[in-house]
Amino acid sequence: MIVRLQRIAVLLLVLACAGVSAPAHASPHVVSIAKARSLPLDTVVTIDGTATTPSGAFESSFFDQGFAIQDHRAGIYISAAEDLNIAPRDRIRVTGTLRDSYGLRILVPDAIHLHGKGPKIQPKPLATGAVSEATEGLLVRVTATITRAPESDLPYGYKFFVDDGSGELTIFVNTQTGIDLTGLTAGRAAQVTGFSSQFDTHYEIDPRFPADVTLRHR
């Protein structure tokens with residue numbers, strides 16, 4: 001809980017700094033999300049992509065009303081302060097500043113423009129051990145055995161752990177998602193879809209809504 005409280009302080013500092021001083025670097029034209037992710041922190045970029053998460057789904061641990069977007073190669077989290085009622089498949093152009101929120105690369109927006117619907121983004125199937133810096137920002141899916149049943153990390157949410165033999169992975173369930181954790185006991189097989197995220201030194205998947213977590217028959 002102490003570490004997540006520190007994340008609140010970091011995010012508040014990020015939001016306070018946005019717009020206070022001129023950024024060290026700027027990119028005035030639309031660039032791919034992969035290109036944006038490769039640029040230095042404090043760079044201003046414009047990107048375009050399709051929403052993969054509803055706005056505000058991760059509020060209890062991200063402390064904002066943000067959402068994720070993805071193009072054909074990469075994804076990133078948009079740390080919006082207000083709920084813009086974004087839904088998956090909304091097509092969005094964002095101009096903002098690249099920041100770091102406890103290991104997670106985010107974009108703090110200055111301007112957000114919705115322009116229709118984008119393609120349906122299919123989750124990328126991954127081994128549990130493959131969820132890493134390379135997949136951060138993407139919509140992903142794992143199928144694995146629950147190794148540790150859900151435990152409380154309130155007020156931020158709940159977490160449980162899965163492993164398909166390639167490495168144990170944290171699944172972090174934010175309170176806004178309404179996901180029912182009943183029946184998620186150790187030894188059961190589960191399929192989890194969600195945002196490939198990072199918190200501090202570990203990688204995790206953050207499911208978006210109830211359909212993202214399902215039990216499987218062996």
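Quick note: residue numbers are just sequence positions, from 1. Values below: all heavy atoms of this structure, side chains included; hydrogens, waters and symmetry mates excluded.
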**Student:** Using a 4.5 Å cut-off on heavy atoms from C-beta on, say whether the side chain of I47 contacts that of K35.
**Tutor:** no
**Student:** For the atom pair CG (D153) and CZ (F160), what is the distance rounded to the nearest 0.5 Å?
**Tutor:** 14.0 Å
**Student:** Taking atom CD1 of I146 and atom CG of L184, what is their separation to the nearest 0.5 Å?
**Tutor:** 4.5 Å
**Student:** Please report the closest heavy-atom contact between G118 and T50, naming both atoms and the distance.
**Tutor:** CA-OG1, 3.6 Å
**Student:** Does a donor on one side chain and an acceptor on the other come within less than 3.5 Å for Y203 and E136?
**Tutor:** no
**Student:** Applying a strict under-4.5 Å side-chain criterion to I, L, V, M, F, W and Y, I'd like to know whether V173 and F209 cluster together.
**Tutor:** no
**Student:** I'd like to know if the side chain of D164 reaches the main chain of S166, judged simply by a donor and an acceptor atom lying under 3.5 Å from each other, with no hydrogens or angles considered.
**Tutor:** yes
**Student:** Taking all non-hydrogen atoms of both residues, which atom of R105 and which atom of A36 are closest, and how far apart?
**Tutor:** NH1-O, 4.1 Å
**Student:** Over all heavy atoms of both residues, which pair between D212 and G194 is shortest? Give the atoms and the distance, please.
**Tutor:** OD2-CA, 4.4 Å
**Student:** When you compare the side chains of E168 and T147, does any donor N or O come within less than 3.5 Å of an acceptor on the partner?
**Tutor:** yes
**Student:** Mark yes or no for whether S60, through its side chain, and T175, through its backbone, hold a donor-acceptor pair below 3.5 Å.
**Tutor:** yes
**Student:** For the hydrophobic clusters of this structure (ILVMFWY residues joined by side-chain heavy atoms under 4.5 Å, transitively), does one cluster hold both L39 and V94?
**Tutor:** yes
**Student:** Any chance you could measure L104, atom CG, to E133, atom CD, to the nearest 0.5 Å?
**Tutor:** 8.5 Å
**Student:** One pair to check against salt bridge (Lys or Arg N to Asp or Glu O under 4.0 Å): D90 and K117. What are the steps and the verdict?
**Tutor:** CA-CA 5 Å; D90 284 345; K117 294 292 182 181; 2.6 Å; yes
**Student:** Looking only at heavy atoms, which two atoms of D163 and T128 are closest? And how far apart?
**Tutor:** OD1-OG1, 3.6 Å
**Student:** Between R37 (side chain only) and G75 (backbone N and O only), is there a donor and an acceptor less than 3.5 Å apart?
**Tutor:** yes
**Student:** Applying side-chain contact (heavy atoms from CB on, under 4.5 Å) to S197 and F172, what does each step give before you reach the verdict?
**Tutor:** CA-CA 9 Å; S197 187; F172 194 86; over 6 Å; no
**Student:** Looking only at atom types and distance, does a side-chain atom of D71 sit under 3.5 Å from a main-chain N or O of S32, one as donor and one as acceptor?
**Tutor:** no
**Student:** Honestly curious: do I171 and L181 fall in one hydrophobic cluster under the side-chain, below-4.5 Å linking rule?
**Tutor:** yes
**Student:** Assigning hydrophobic clusters by single linkage (Ile, Leu, Val, Met, Phe, Trp, Tyr; side-chain heavy-atom cutoff under 4.5 Å), is L114 placed with I33?
**Tutor:** yes
**Student:** Once rounded to the nearest 0.5 Å, what's the spacing between atom CD of Q122 and atom OG1 of T193?
**Tutor:** 10.0 Å
**Student:** Looking just at side-chain N and O atoms, do Q191 and T143 make a donor-acceptor pair shorter than 3.5 Å?
**Tutor:** yes
**Student:** Which pair of heavy atoms, one from G49 and one from I69, lies closest together, and at what distance?
**Tutor:** N-CD1, 4.0 Å
**Student:** For residues Q65 and L84, determine if any side-chain heavy atom of one lies less than 4.5 Å from a side-chain heavy atom of the other.
**Tutor:** no
**Student:** Is the count of non-hydrogen atoms from other residues, nucleotides or ligands lying under 6.0 Å from Y158 atom OH greater than 12?
**Tutor:** no
**Student:** What distance separates T53 OG1 from D206 CG, expressed to the nearest 0.5 Å?
**Tutor:** 9.5 Å
**Student:** For the CD1 atom of I86 and the CD1 atom of I112, what is their distance to the nearest 0.5 Å?
**Tutor:** 6.5 Å
**Student:** Just by distance, with hydrogens left out, do S55 and D83 show a side-chain donor and acceptor under 3.5 Å apart?
**Tutor:** yes
**Student:** According to a hydrophobic-cluster definition based on side-chain heavy atoms being under 4.5 Å apart (Ile, Leu, Val, Met, Phe, Trp, Tyr only), do V213 and L154 belong together?
**Tutor:** yes
**Student:** Can you check whether T135's main-chain N or O pairs, donor with acceptor, with S196's side chain at less than 3.5 Å?
**Tutor:** yes
**Student:** Decide yes or no on salt bridge (Lys or Arg N to Asp or Glu O under 4.0 Å) for E204 and K159, but give the supporting numbers first.
**Tutor:** CA-CA 10 Å; E204 63 187 38; K159 57 185 176 182; over 6 Å; no
**Student:** Please work out which of the three classes, parallel, tilted or perpendicular, describes the rings of F195 and F62, given edges at 30° and 60°.
**Tutor:** perpendicular
**Student:** Step by step, would you call I92 with F67 a side-chain contact (heavy atoms from CB on, under 4.5 Å)?
**Tutor:** CA-CA 11 Å; I92 304 167; F67 53 92; 3.5 Å; yes
**Student:** Apply side-chain contact (heavy atoms from CB on, under 4.5 Å) to the pair R91 and D48, showing each step before the final yes or no.
**Tutor:** CA-CA 8 Å; R91 187 68 181 266; D48 196 279; 2.5 Å; yes
**Student:** Decide yes or no for D42 and L98: does some side-chain heavy atom of the first lie under 4.5 Å from some side-chain heavy atom of the second?
**Tutor:** no
**Student:** Taking all non-hydrogen atoms of both residues into account, name the closest pair between I121 and L139 and its distance.
**Tutor:** O-CD2, 3.6 Å
**Student:** In the structure I gave you, are the side-chain heavy atoms of I179 and P207 within less than 4.5 Å of one another anywhere?
**Tutor:** yes
**Student:** Is atom CZ of R73 surrounded by more than 12 heavy atoms (other residues, nucleotides or ligands) closer than 6.0 Å?
**Tutor:** no
**Student:** Quick check: do E82 and D64 have side-chain heavy atoms less than 4.5 Å from each other?
**Tutor:** no
